Undergrad: 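Right, I'll just put the structure down here and ask away after.
Only a predicted model underlies this, so the values are computations on that prediction, with no experimental measurement involved.
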Amino acid sequence: MLARAVAVALDVLPLKEMDVSVEGQEVVEFVRNQAVKLKFEVEMDDGRMQVNVLKILDQLEDGIVPESHDLKRVLDYLGIKRWSACNREVKFLDNEMLLEGNTEEKRDMGILSSLMGFMIYCRGTLFDVLDNGAGRQINGGSTNADQVIRFLNLDDFRCPITLEIMSDPVTIASGHTYDRASILKWFRAGNSTCPKTGERLTSIDLVPNFALKVLIKQYCSANGIPFVETGRRNRDAGRFVGSSSVANEQAMKLLASFLVGRLVAGTMEQQNKAAFEIRLLTKTSIFNRSCLVEAGVIPPLLNLVTSRDSSCQENAMATLLNLSKNSKCKSTIVGNGGLFLILDVLKGGLKMEARQHAAGTLFYLTSVEEYRKMMGENPEFIPSLLELLRNGTDRGKKNALVTIFGLLMRPENHWRVIAAGLVPLVVNLLKSFEREDLITDSLAVLTTLSERLDGAMAVLYAGALPIIVNVLSSCNSRASKEYCVSLLLALCINGGADAVPVLVKNSSLMGPLYSLLAEGNSKASKKASTLIRILHEYNEKTSSGLITPVFIEDQFINVW
């Protein structure tokens, strides 16, 4: 290893810039060549263990279940005695695969993928007990990481250009970090300076900031904020596509069968451990979800959500949430009576986490019209979501909001949520929310309701106008601003006589509207333009002594 490091160091040494003599350059070249020729020798014990590992990988590739004592011999040699230690190795291999995936050759991707499958199989089959701290590893965190995240501010993760949370942070030559899409747009516009400092750049190369991306993902996960991977790096939609080895895939199929067997016939402790393991496996990989569904994981998971063991119920519910993202899984869940079992957890889950996972699962199920109808017509779903919205954690409130938004995709559900008292609840919560994603989701729900006359009147009667204007003036999120403008425009169209006079008198409204108008071709700027025109027309007519005009809906229908 030392010889290899010496060779690499000498290879990149800028001899010409260092004004080294010809003789000196020849000596350096000689040493470099000798270092390259040195053969890397594997120690005898390492060589024997390497043979054992390759034998196990061959068995996995052939779909043969390896002997437990062979697996344990390898882990003992590596010093892996506990579940958490094995999981750290899985994370290490995962990061190595990510780095290798960013190289052009991807030479080591095959063996890394095989080793990943081997280690995940060991983690799932060899350890019957989760040691202390395993729960924290669901979200990829550790004790030290949690301590770091606690002192971070969301503003540290915003792109200086868009002020949105970065999903693919990259660093430019000035040392400043931006979201990839934003800085590329800046460069494509012909700019060759740093947007933050104005410094002229010697290069427009982008360096991925993986460390910051990991921190952003951990912060978002810890605080229930959605993190959207960019299409170029979307590891969930196509994780290492074309690079997964046969051994990895076969190991996952064998592990899926093993874990489902534990769910069906294991002790309570074994069922809980299996549910926890499946929860991890289904969180990040579509292939893992597919293997587990084919192994028949959904019916035993639905049985577990009725468990009186709080950990079993939470792990089973969280796993169903992960699986419900898959279109094929939705019908299997509902077809096995899962919709009403999930409702029971939403109403009376043993832990708040289980209740918020239930709401999240229902959100994915609302993507199917038939299930939106079933939930809307049942008298318990909407009140249960409102109860979680009223008394849940921030993550629970978010899941309740997005599920209600999903239900509103069916027009027949509008009057049901209004009758249940959603509007005054959301308006009051909007005043107290500090997280931008909750503000955005609340505005999205109110905007959808206000597109109909009964919803617009409910929003106006709840006293929402000054709150909406305040959010428009103070928030940094582009999505929140766009929803504010859409909501105000809908209220002017569907409740003009009650909305327009109030907005005309609000002196803080026009500034943010003109700022949005300056953005050009966005939908928000077009709606801001229409809203400004409505307010100006009203002001002109009232100042000339005319009666307050009635706004005809057809007059403004072109903006929708």
Undergrad: Can you run down the salt bridge (charged side-chain N to carboxylate O under 4.0 Å, His left out) pairs that involve residues 250-265, sequence neighbours left out, and say none if there aren't any?
TA: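 For residues 250-265, and leaving out neighbouring residues, the salt bridge (charged side-chain N to carboxylate O under 4.0 Å, His left out) pairs sorted by first residue read Asp128-Arg262.
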Undergrad: Within the distance-only criterion (no hydrogens, no angle test), does the side chain of Asn33 pair as donor or acceptor with the backbone N or O of Glu29 below 3.5 angstrom?
TA: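 At least one qualifying donor-acceptor pair exists.
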Undergrad: Shortest non-hydrogen contact from Val305 to Ala316?
TA: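 Nearest heavy atoms, Val305 then Ala316: CG1-CB, 3.9 Å.
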Undergrad: Mark yes or no for whether Asp309, through its side chain, and Ser311, through its backbone, hold a donor-acceptor pair below 3.5 Å.
TA: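 Yes: the side chain of Asp309 pairs with the backbone of Ser311.
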Undergrad: I'd like to know whether Ser114 forms a side chain to side chain contact (heavy atoms under 4.5 Å, CB included) with Asn248, so could you lay out the CA-CA distance, the side-chain angles of the two residues, the decisive distance to 0.1 Å, and finally the verdict.
TA: CA-CA 5 Å; Ser114 296; Asn248 183 304; 5.6 Å; no
Undergrad: Is Asp70 paired with Arg73 through a side-chain N to carboxylate O contact shorter than 4.0 Å?
TA: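 Asp70 and Arg73: salt-bridged.
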Undergrad: After noting the C-alpha distance and the side-chain angles of Lys398 and Phe433, does the key distance pass the side chain to side chain contact (heavy atoms under 4.5 Å, CB included) rule?
TA: CA-CA 11 Å; Lys398 178 176 181 59; Phe433 281 154; over 6 Å; no
Undergrad: Quick one: does Asp179's side chain have a donor or acceptor within less than 3.5 Å of a partner on Asp168's backbone?
TA: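 Side chain of Asp179 to backbone of Asp168: a pair is present.
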Undergrad: What closest approach, in Å, do Ala479 and Glu164 show between heavy atoms, and which atom pair accounts for it?
TA: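 Taking Ala479 first and Glu164 second, the nearest heavy atoms are N-OE2, 4.0 Å.
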Undergrad: Distance-only, no hydrogens or angles: does the Asn288 side chain make a donor-acceptor pair with backbone N or O of Leu281 under 3.5 Å?
TA: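 Yes, the answer is positive, given that a donor and an acceptor are paired below the 3.5 Å cut-off.
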Undergrad: Looking at Glu314 and Ala354, would you say the former's side chain and the latter's main chain have a donor-acceptor pair under 3.5 Å?
TA: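 No, because the side chain of Glu314 does not come within donor-acceptor range (under 3.5 Å) of the backbone of Ala354.
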Undergrad: Could you check whether Thr282 and Thr319, counting side-chain N and O atoms only, form a donor-acceptor pair closer than 3.5 Å?
TA: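 Note: Thr319 and Thr282 side chains miss the donor-acceptor criterion.
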Undergrad: Give the C-alpha distance, both sets of side-chain angles, the deciding distance and a yes or no for side chain to side chain contact (heavy atoms under 4.5 Å, CB included) between Asn315 and Leu304.
TA: CA-CA 9 Å; Asn315 286 324; Leu304 270 190; over 6 Å; no
Undergrad: Please report the closest heavy-atom contact between Thr162 and Ser182, naming both atoms and the distance.
TA: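 Nearest heavy atoms, Thr162 then Ser182: CG2-OG, 3.1 Å.
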Undergrad: Taking Gly110's backbone N and O only, do any of them form a donor-acceptor pair with Ser113's side chain (distance below 3.5 Å, no angle check)?
TA: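 A pair under 3.5 Å: no.
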Undergrad: Can you name the side-chain hydrogen bond (donor to acceptor under 3.5 Å, both in side chains) partners of Lys72, sequence neighbours left out?
TA: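 Listed in chain order: nothing, the list is empty.
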Undergrad: Please enumerate all residues that pass side-chain hydrogen bond (donor to acceptor under 3.5 Å, both in side chains) together with Ser327, with sequence neighbours excluded.
TA: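 Here no residue qualifies.
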Undergrad: Using side-chain hydrogen bond (donor to acceptor under 3.5 Å, both in side chains) as the criterion, list what pairs up with Lys397, not counting sequence neighbours.
TA: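 Partners of Lys397 under the side-chain hydrogen bond (donor to acceptor under 3.5 Å, both in side chains) test: none.
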Undergrad: Restricting to salt bridge (charged side-chain N to carboxylate O under 4.0 Å, His left out), what partner residues turn up for Glu387, sequence neighbours left out?
TA: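 Glu387 satisfies salt bridge (charged side-chain N to carboxylate O under 4.0 Å, His left out) with Arg390 once adjacent residues are dropped.
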Undergrad: Which heavy atom of Gly63 sits nearest a heavy atom of Gln250, and at what distance?
TA: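 Looking at all heavy atoms of both residues, the closest pair is CA-OE1, 3.9 Å.
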Undergrad: May I ask you to test the Leu130-Phe276 pair for a side-chain heavy-atom distance under 4.5 Å?
TA: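 Sidechains of Phe276 and Leu130: in contact.
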Undergrad: Salt-bridged, Arg48 to Asp45, with N to O below 4.0 Å?
TA: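 A salt bridge links Arg48 with Asp45.
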Undergrad: Which pairs count as ring pair (Phe, Tyr, Trp, His ring centres under 6.0 Å) when at least one residue sits in residues 95-130, sequence neighbours excluded?
TA: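 Non-adjacent pairs meeting ring pair (Phe, Tyr, Trp, His ring centres under 6.0 Å): zero.
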Undergrad: Going by salt bridge (charged side-chain N to carboxylate O under 4.0 Å, His left out), name the residues that satisfy it together with Asp58, two or more places apart in sequence or in a different chain.
TA: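 Partners of Asp58 by the salt bridge (charged side-chain N to carboxylate O under 4.0 Å, His left out) criterion come out as none, since no residue qualifies.
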Undergrad: Determine the minimum heavy-atom distance between Pro208 and Arg180, stating which atoms define it.
TA: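 Scanning both residues completely, I find the closest heavy atoms to be CG-NH2, 3.9 Å.
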Undergrad: Is there a side chain to side chain donor-acceptor pair (under 3.5 Å) between Asp46 and Tyr77 once you walk through the steps?
TA: CA-CA 9 Å; Asp46 289 346; Tyr77 185 79; 2.4 Å; yes
Undergrad: The criterion is salt bridge (charged side-chain N to carboxylate O under 4.0 Å, His left out); which residues satisfy it with Asp205, sequence neighbours excluded?
TA: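 Expected list: none.
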Undergrad: Taking salt bridge (charged side-chain N to carboxylate O under 4.0 Å, His left out) as the test, write out the residues that go with Arg158, two or more places apart.
TA: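 By the salt bridge (charged side-chain N to carboxylate O under 4.0 Å, His left out) rule, Arg158 matches Asp155, Glu436.
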Undergrad: Is there a donor in the side chain of Arg279 and an acceptor in the side chain of Asn322, or the other way round, less than 3.5 Å apart?
TA: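 No, no side-chain donor-acceptor pair sits under 3.5 Å.
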Undergrad: Could you go through residues 331-350 and list every donor-acceptor pair under 3.5 Å that involves a side-chain atom there, pairing it with any protein atom two or more places apart or in another chain?
TA:
residue: Ser331; atom: OG; partner: Lys328; partner atom: O; Å: 3.1
residue: Thr332; atom: OG1; partner: Lys328; partner atom: O; Å: 3.2
residue: Asn336; atom: ND2; partner: Thr332; partner atom: O; Å: 2.7
residue: Lys347; atom: NZ; partner: Glu380; partner atom: OE1; Å: 2.5

Undergrad: Partners of Asn399 by side-chain hydrogen bond (donor to acceptor under 3.5 Å, both in side chains), sequence neighbours excluded?
TA: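 Not a single residue meets the side-chain hydrogen bond (donor to acceptor under 3.5 Å, both in side chains) criterion with Asn399.
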Undergrad: Anything under 3.5 Å between a donor and an acceptor, one on a side chain of residues 365-373, the other on a protein residue two or more places apart or in another chain? List them.
TA:
residue: Thr366; atom: OG1; partner: Phe363; partner atom: O; Å: 2.4
residue: Ser367; atom: OG; partner: Tyr364; partner atom: O; Å: 2.7
residue: Glu369; atom: OE1; partner: Arg372; partner atom: NE; Å: 3.2
residue: Glu369; atom: OE1; partner: Arg372; partner atom: NH2; Å: 2.6
residue: Glu369; atom: OE2; partner: Arg410; partner atom: NH1; Å: 2.5
residue: Arg372; atom: NH1; partner: Thr366; partner atom: O; Å: 2.6
residue: Lys373; atom: NZ; partner: Glu377; partner atom: OE1; Å: 3.3
residue: Lys373; atom: NZ; partner: Glu377; partner atom: OE2; Å: 3.0

Undergrad: For the pair Asn326 (side chain) and Ser290 (backbone), establish whether a donor and an acceptor sit closer than 3.5 Å, ignoring hydrogens and angles.
TA: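 Not at all, since once roles are kept as given, no pair shorter than 3.5 Å links the two residues.
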Undergrad: How close do Ala359 and Leu385 get, counting heavy atoms only, and between which atoms?
TA: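 In terms of heavy atoms, the two residues are closest at CB-CD2, 4.2 Å.
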